[in-house]
Protein chains: 2
Amino acid sequence: MPDQIQNAFRALADPTRRDIVQMLASQDMTIAQLTDCFDMTRAAVKKHLTVLSDGGLILVEARGRERINRLEPKGMAPVLDWLSFFDQFWDERLRNLKEAIERKET
Amino acid sequence: MPDQIQNAFRALADPTRRDIVQMLASQDMTIAQLTDCFDMTRAAVKKHLTVLSDGGLILVEARGRERINRLEPKGMAPVLDWLSFFDQFWDERLRNLKEAIERKET
DNA sequence: ATTATTTGATACCATATGGTATCATGTCAA
DNA sequence: TTGACATGATACCATATGGTATCAAATAAT
């Protein structure tokens, strides 16, 4: 719960975890299914899934002896919120540039 | 140049670096100025700036013996591009949910 | 010219991270 | 019940990471 922003950004910092996120976007998958898609051990994939879960980016549902890993779009909210301030900066930059050009042309 | 997405995500994965980005959003700063804002050595701050530079998130301009660190909004583009696919997923989820509700109510 | 200031670079350290191997546990099927 | 299968958990390893301390180099100030 604490530092959700940090956990989410950390979860996205690894290329394998970003790949997992992309795969889960197309369909829910078990650990074994995900492991088939990567050149690494099931234990390694499990670790990545734990980090993604800590980041709030996936939800794990126990179904019998399997664990269905599902994407949790809400988990991306802290990341997008943080980045939103940057959009403002970007816009301000464009405004300043526009102003400067207008002053020169006056 | 290669793996710009990875370098950008990695740069954003550290809380100190995200703080630096926020500070540079309000004004360009030298390494010494940034160091005053944190409880760590100038060398540590310099390392973070190198990572941010590798991620394409800042530009460094030499001015005399000082180095002006400036935010580079364009560097955020790979991150936003990668996240954009997620927006689609989110929308699709909403569409599916909407469809399911409509089917039930029919 | 000399000194102070800002930075670059390197060596070094503790811990985090990504990975494997291994064994224990729970669940499905015969 | 007895295996087979999917997972959990732990110990362990190599490397990456975030930090310090230290020294060299370039520029500013006196």
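We name chains A, B, ... by the order of the sequence lines, and we start the count at 1 in each one. Not measured: the values here are computed from a predicted model.
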Any side-chain N or O of [X] below 4.0 angstrom from OP1/OP2 of [N]?
| X | N | result |
| --- | --- | --- |
| B:T41 | D:dG19 | no |
| B:T30 | C:dT7 | yes |
| B:R10 | D:dT17 | yes |
| A:H48 | C:dG19 | yes |
| A:R67 | D:dG8 | yes |
| A:R42 | D:dA6 | no |

- Task: Answer with base, sugar-phosphate or nothing: what part of the nucleic acid does A:R17 contact at a heavy-atom distance below 4.0 Å?
- Result: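 Touches sugar-phosphate only.
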
- Message: Considering every strand and a 4.0 Å limit on heavy-atom distances, what is the contact class for A:A32: base, sugar-phosphate, or nothing?
- Response: sugar-phosphate

- Task: Send over the distance from B:Q33 CD to C:dT7 C1', rounded to a whole Å.
- Result: 14 Å

- To the nearest Å, how far apart are A:K47 NZ and D:dA9 C1'?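 It works out to 10 Å between those atoms.
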
- Decide yes or no, distance alone: a donor-acceptor N/O pair under 3.5 angstrom between the base of D:dT27 and the side-chain of B:R65.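 Per atom types, the contact qualifies.
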
- Nearest nucleotide by nearest heavy atom, which residue falls closer to the 5' end of DNA chain C, A:R63 or A:V51? A:V51

